[in-house]
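Computed from a predicted structure; not experimentally measured.
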Amino acid sequence: MSASTAVQGLTYADVEVGTEITPVSLPITYKRVCINAASTWDWFPGHHDPEYARAQGQQNIYLSTLFYHGFIDRGLNDWAGPDALIRRRKISMIKSIYPGQTATLTGTVVGKREDAGKYLVDLELLVSSEEGPCVPSEATLELPGGRS
Amino acid sequence: MSEDVTGLGLRFGTVEEGKAWVGRRSEPKKAWFPIDRSMVLYYCSLVEDRNPRYWDGDECPPGLLMTLGFNPQWSPEHLRRGDGLFALGIPLPGKHIINASTTTELERRPRIGDHVSIEEEVASISDEKTTRLGTGVFITSVTTYRDQDGGVIGRNTNVLFRYNLPEDSA
């Protein structure tokens, strides 16, 4: 990506169990939910048709799986830097997030391990709204082992 | 038995008919387009991701992998393909769907120019369960994303709840 090989962001040695990631919040507007559908090609009607969403048992149109993927990855790379590689990410959607609410990502390092020469950090994450926990998640990041 | 109100190609049948699909695997499906920069940057704008690997480099956020399995909303008849999302073609009773969970495992960073092939396998279908949304089954499917050389980029294990509202069956 660049001529420099210097590590951008955190290394394995920089992170301790219990470290909290930098929280990230985004206001969820109608526009953002529309961008969600358009940018991900996810035209399932629950994400753009309020009448369908309500018929489905939802309050309104709501954010999609692909939003949470991108939002969580953005938060992790904001915190750990662009060199951190997301090896695994699990999201569980227990409550939807609707226009007018705020999506907030928080998280904590729960483990560190070396596996086959990779430096891995395990995190527990949560995307929440004003209504409480919405998307409990977990991730494993591969971090550079040390500064070059 | 019911009609597809999602427009995504849901097929309908009994739970037993659906369970017969466990273990079935789709034919590899080539994404309509290679990953391109406009897709990447529009997705980054959705979540306000400033990662220079995407804006200045040639990498693609892994969250976009699922997008590559979606077909255009319209195409000329001679180009139409009958290869919607495999899990939605399982004959089952529910007329609604909502994603419950996704686990992504990444072998390498996806890049602009990757022309991805997608292969989906039905891993399990639960017995009928009732949640706050309604009554239905959880479909677990495993999707493998390969590049143009056959190398695995990543895998998604997806759990989809397919259900009816209480009033749907009244």
Side-chain angles (χ1 to χ4, degrees), chain A residues 1-2 8-9 24 26 32-46 49 52-53 55-58 62-78 81-96 103 105 135-140 142, chain B residues 5-8 32 38-54 56-59 61-73 88 95-109 132-134 154 156-161 163 165-168:
Chain A
M1 185 186 78
S2 87
Q8 299 185 65
V24 179
L26 280 179
R32 198 181 303 276
V33 181
C34 293
I35 297 173
N36 185 172
S39 67
T40 64
W41 306 352
D42 186 350
W43 291 105
F44 172 68
D49 181 343
Y52 174 82
Q56 195 194 8
Q58 300 283 335
Y62 53 97
L63 293 171
S64 81
T65 299
L66 287 113
F67 172 88
Y68 297 114
H69 287 174
F71 183 52
I72 289 169
D73 294 357
R74 175 237 156 139
L76 291 172
N77 282 123
D78 276 2
D83 287 348
L85 175 58
I86 295 152
R87 282 287 180 193
R88 180 178 179 275
R89 173 204 340 100
K90 179 179 182 182
I91 69 170
S92 299
M93 290 158 284
I94 61 171
K95 190 182 288 184
S96 299
L105 172 69
V135 186
S137 304
E138 52 194 63
T140 299
E142 181 180 347
Chain B
V5 293
T6 69
L8 298 177
W32 273 72
S38 68
M39 291 172 63
V40 167
L41 299 190
Y42 224 84
Y43 185 61
C44 289
S45 73
L46 166 67
V47 294
E48 301 182 13
D49 189 338
R50 71 186 69 238
N51 193 327
R53 287 179 177 272
Y54 310 141
D56 306 325
D58 67 350
E59 293 180 12
L64 254 182
L65 281 175
M66 280 182 83
T67 289
L68 304 172
F70 296 140
N71 290 335
Q73 291 299 295
L88 303 184
K95 70 187 226 183
H96 296 296
I97 54 171
I98 194 163
N99 228 14
S101 75
T102 305
T103 304
T104 302
E105 295 162 291
L106 205 63
E107 296 292 331
R108 72 159 173 87
R109 301 175 191 270
R132 64 185 173 79
L133 283 174
N156 269 344
T157 302
N158 198 73
V159 181
L160 182 80
F161 185 48
Y163 66 101
L165 300 171
E167 54 266 37
D168 290 331

| Heavy-atom side-chain contact between Pro62(B) and Arg89(A) under 4.5 Å | yes

CG (Leu76(A)) and CG (Asp49(B)) are apart, to the nearest 0.5 Å, by 10.5 Å

Here the gap from Trp43(A) atom CH2 to Asn71(B) atom CG, rounded to the nearest 0.5 Å, amounts to 15.0 Å

Counting heavy-atom pairs under 4.5 angstrom with chain B, the leader among Ile91(A), Leu26(A), Asn77(A), Ile72(A) is Ile91(A)

Among Met39(B), Arg132(B), Arg109(B), the residue with the most heavy-atom pairs under 4.5 Å to chain A is Arg109(B)

| message | Can a donor-acceptor pair be found, under 3.5 Å and without considering hydrogens, that links the side chain of Tyr42(B) to the backbone of Ile35(A)? | response | no

Please answer whether the main-chain N or O of Lys90(A) pairs with a side-chain N or O of Thr103(B) as donor and acceptor at a distance below 3.5 Å.
no

| said: Please evaluate residues Leu165(B) and Gln56(A) with respect to the criterion side chain to side chain contact (heavy atoms under 4.5 Å, CB included), reporting the C-alpha separation (whole Å), side-chain torsions for both, the decisive distance (0.1 Å), and the verdict. | reply: CA-CA 7 Å; Leu165(B) 300 171; Gln56(A) 195 194 8; 5.9 Å; no

Donor-acceptor under 3.5 Å (Tyr52(A) side chain, Val5(B) main chain): no

- Please examine the side chains of Phe70(B) and Leu66(A), heavy atoms only from C-beta on, and report whether any two atoms are closer than 4.5 Å. yes

Between the CE atom in Met66(B) and the OG1 atom in Thr65(A), the distance rounded to the nearest 0.5 Å is 5.5 Å

In sequence, state the C-alpha distance, the side-chain angles, and the governing distance for Gln58(A) and Leu133(B), and then conclude on side chain to side chain contact (heavy atoms under 4.5 Å, CB included).
CA-CA 9 Å; Gln58(A) 300 283 335; Leu133(B) 283 174; 4.1 Å; yes

Of the listed Thr102(B), Leu65(B), Val159(B), the one with the largest count of heavy-atom pairs under 4.5 Å with chain A is Thr102(B)

Where the side chain of Arg87(A) meets the backbone of Glu107(B), is there a donor-acceptor pair that is under 3.5 Å apart?
yes

Residue from Gly46(A), Ala55(A), Ser64(A) scoring the most non-hydrogen pairs under 4.5 Å with chain B is Ala55(A)

Notebook entry, point to check: Hey, mind stepping through Met93(A) and Phe161(B) against side chain to side chain contact (heavy atoms under 4.5 Å, CB included) and telling me if it holds?
Noted result: CA-CA 11 Å; Met93(A) 290 158 284; Phe161(B) 185 48; over 6 Å; no

| field | Under 3.5 Å: donor-acceptor pair, side chain of Arg74(A), backbone of Arg50(B) | value | no

Honestly, the part of Glu105(B) sitting under 4.5 Å from a heavy atom of chain A is both

Whatever's closer than 4.5 Å to a heavy atom in chain A on Ile97(B) counts as both

With chain A, the option among Asn158(B), Asn156(B), Leu106(B), Leu46(B) that has the most non-hydrogen atom pairs under 4.5 Å is Leu46(B)

Would you sort out whether Tyr68(A) and Asn99(B) count as a side chain to side chain contact (heavy atoms under 4.5 Å, CB included), showing the intermediate values?
-> CA-CA 12 Å; Tyr68(A) 297 114; Asn99(B) 228 14; over 6 Å; no

With chain B, the option among Phe71(A), Tyr62(A), Phe44(A) that has the most non-hydrogen atom pairs under 4.5 Å is Phe44(A)

Under 4.5 Å to a heavy atom of chain B? For Ala53(A) that would be neither

Pair count under 4.5 Å, heavy atoms only, with chain B: among Ile86(A), Asp42(A), Asp73(A), Asp49(A), highest is Asp42(A)

